[in-house]
Amino acid sequence: PSLLLMAGITGAVGLCRRLTRRRLRLRPRLCAFLLEMVSTFQVCACTSELCLLGTAEPQPHTALTLTYGFTVLHGWTLPGSTCNPCGTLQPVWAGAAPLALGGLKIAAQFVAAVLARVFMHFVWSLEMAEAHFGAPSQHCSNPMQTTEVQAFCIELLFSVVFQLTVLRVESVNPKYKVHLIAFLITMLVYAGGNLTGAIFNPALAFSLHASCFYDKFLSYSLVYWVAPFLGKFLILYVF
């Protein structure tokens, strides 16, 4: 049921992206907003479901295999969308995109994060799959299993490694690049998933752990918002 749910989300988002491009061709800003919103919705919703499947046996092979597989799927089905506020800053910094468009896309990503969280909690309340029984709803699932300083450093390091890799593989053939990025994300999840969740995406972090931001806003905003953005700016400044 979980795999069918994620496949359904992917199919629905693909249909929405096609209709958006076809119907809003003459309204580029609204088209860009909706494309980024539905794409980020797919990433956040599928990742939420994957987190529930992370305890499936055998561990951690099942979780890592699903992480790799769905990262490749996102890369294939969401071309042109970053689904990450840090990634949206790159063309803005390089002067390839106006600041207003970058801000619009980041707003779309956080709107999608909220919508994905609400949608997944509704789906979980239906208890269609065994993994949905007792799924977290309002309480903080506490992804940080280490000190705040260590968590900040881990998310900063992962953001630097990820953003640097994305820059270095820009010229690689897209059909190979998606596998390289998926392999990197899987390795980062394996290395730090048990400590911070290895998210390095502010919008995704908010979608997965919104209630944690309500309870401990300062610490979670530093780890999951400031650290990834700082990592991105370090890469942009150096390279």
Side-chain angles (χ1 to χ4, degrees), residues 40 43-44 46-48 50-55 59-61 63-68 70-71 74-75 82-94 102 105-106 109-110 113 116-117 136 139-170 177 180-239:
T40 307
V43 172
C44 292
C46 289
T47 305
S48 296
L50 284 176
C51 289
L52 293 185
L53 301 179
T55 57
Q59 297 185 34
H61 305 84
L64 294 176
T65 301
L66 291 173
T67 298
Y68 178 84
F70 274 91
T71 303
H74 295 325
T82 61
C83 307
N84 187 336
C86 298
T88 303
L89 293 176
Q90 167 117 20
V92 175
W93 180 276
K105 288 186 175 182
I106 291 176
Q109 290 158 359
F110 277 98
R117 181 175 177 83
H139 65 282
C140 174
S141 56
N142 193 20
M144 279 198 293
Q145 301 298 318
T146 183
T147 64
E148 294 178 7
V149 174
Q150 289 178 332
F152 179 89
C153 293
I154 290 172
E155 288 293 312
L156 174 62
L157 175 62
F158 285 3
S159 178
V160 168
V161 172
F162 176 74
Q163 300 296 340
L164 178 59
T165 303
V166 170
L167 286 176
R168 300 298 292 178
V169 301
E170 279 185 343
K177 180 168 67 175
L180 292 173
I181 297 299
F183 179 76
L184 173 65
I185 291 176
T186 304
M187 291 300 98
L188 293 178
V189 169
Y190 176 73
N194 62 324
L195 298 175
T196 65
I199 303 173
F200 46 91
N201 181 334
L204 178 59
F206 186 70
S207 180
L208 296 178
H209 309 294
S211 55
C212 299
F213 286 90
Y214 303 149
D215 298 338
K216 305 174 182 177
F217 178 79
L218 180 59
S219 61
Y220 276 79
S221 60
L222 285 173
V223 172
Y224 295 106
W225 287 353
V226 176
F229 276 118
L230 179 59
K232 182 62 177 180
F233 278 116
L234 286 176
I235 292 299
L236 292 175
Y237 179 76
V238 173
F239 293 92

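Any value given below was found using the heavy atoms of this structure, including those in side chains, with hydrogens, waters and symmetry copies removed. Since the model is a prediction, treat every value here as computed from it, not as a measurement.
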Is the shortest side-chain heavy-atom distance between Ile199 and His209 below 4.5 Å?
yes

| field | Whether Phe200 and Phe158 hold their rings parallel, tilted or perpendicular, with breakpoints at 30° and 60° | value | perpendicular

Taking every heavy atom of Glu155 against every heavy atom of Ala227, the minimum-distance pair comes out as CB-CB, 4.0 Å

query = Is there a side-chain contact between Phe206 and Cys44 (heavy atoms, below 4.5 Å)?
reply = no

> Do Val223 and Ile154 pass the side chain to side chain contact (heavy atoms under 4.5 Å, CB included) test, and can you show the C-alpha distance, the side-chain angles, and the key distance before you say yes or no?
Replying inline: CA-CA 9 Å; Val223 172; Ile154 290 172; over 6 Å; no

Between the NE2 atom in His74 and the OG1 atom in Thr40, the distance rounded to the nearest 0.5 Å is 10.5 Å

Mind checking whether Lys216 and Glu148 have side chains closer than 4.5 Å, heavy atoms only? no

Applying side chain to side chain contact (heavy atoms under 4.5 Å, CB included) to Thr47 and not counting sequence neighbours gives Val43, Cys51, Leu204, Leu208

For Thr88, the side-chain hydrogen bond (donor to acceptor under 3.5 Å, both in side chains) test, sequence neighbours excluded, returns Thr82, Gln109

Applying side chain to side chain contact (heavy atoms under 4.5 Å, CB included) to Ile235 and not counting sequence neighbours gives Val160, Gln163, Leu164, Leu167, Phe239

Closest non-hydrogen contact found for Arg117 with Ser207 is NH1-O, 3.2 Å

The reported gap from CE in Met144 to OG in Ser219 (rounded to nearest 0.5 angstrom) is 4.5 Å

Return all side-chain donor-acceptor pairs below 3.5 angstrom for residues 182-195, not counting sequence neighbours, or 'none' if the list is empty.
| residue | atom | partner | partner atom | Å |
| --- | --- | --- | --- | --- |
| Thr186 | OG1 | Ala182 | O | 2.8 |

d(Tyr224 OH, Ser159 OG) to nearest 0.5 Å is 13.5 Å

Rounding to 0.5 Å, atoms CZ (Phe162) and CD1 (Ile181) come to a distance of 5.5 Å

Residues passing the ring pair (Phe, Tyr, Trp, His ring centres under 6.0 Å) test with Phe217, sequence neighbours excluded, are Trp225

Residue set satisfying side-chain hydrogen bond (donor to acceptor under 3.5 Å, both in side chains) with Thr146, at least two apart, ordered chain then number -> Gln150

Checklist entry - Heavy-atom distance under 4.5 Å between the side chains of Asn201 and Pro85, does that happen here? => result yes

Taken to the nearest 0.5 Å, the spacing of Cys212 SG from Tyr220 OH works out to 4.0 Å

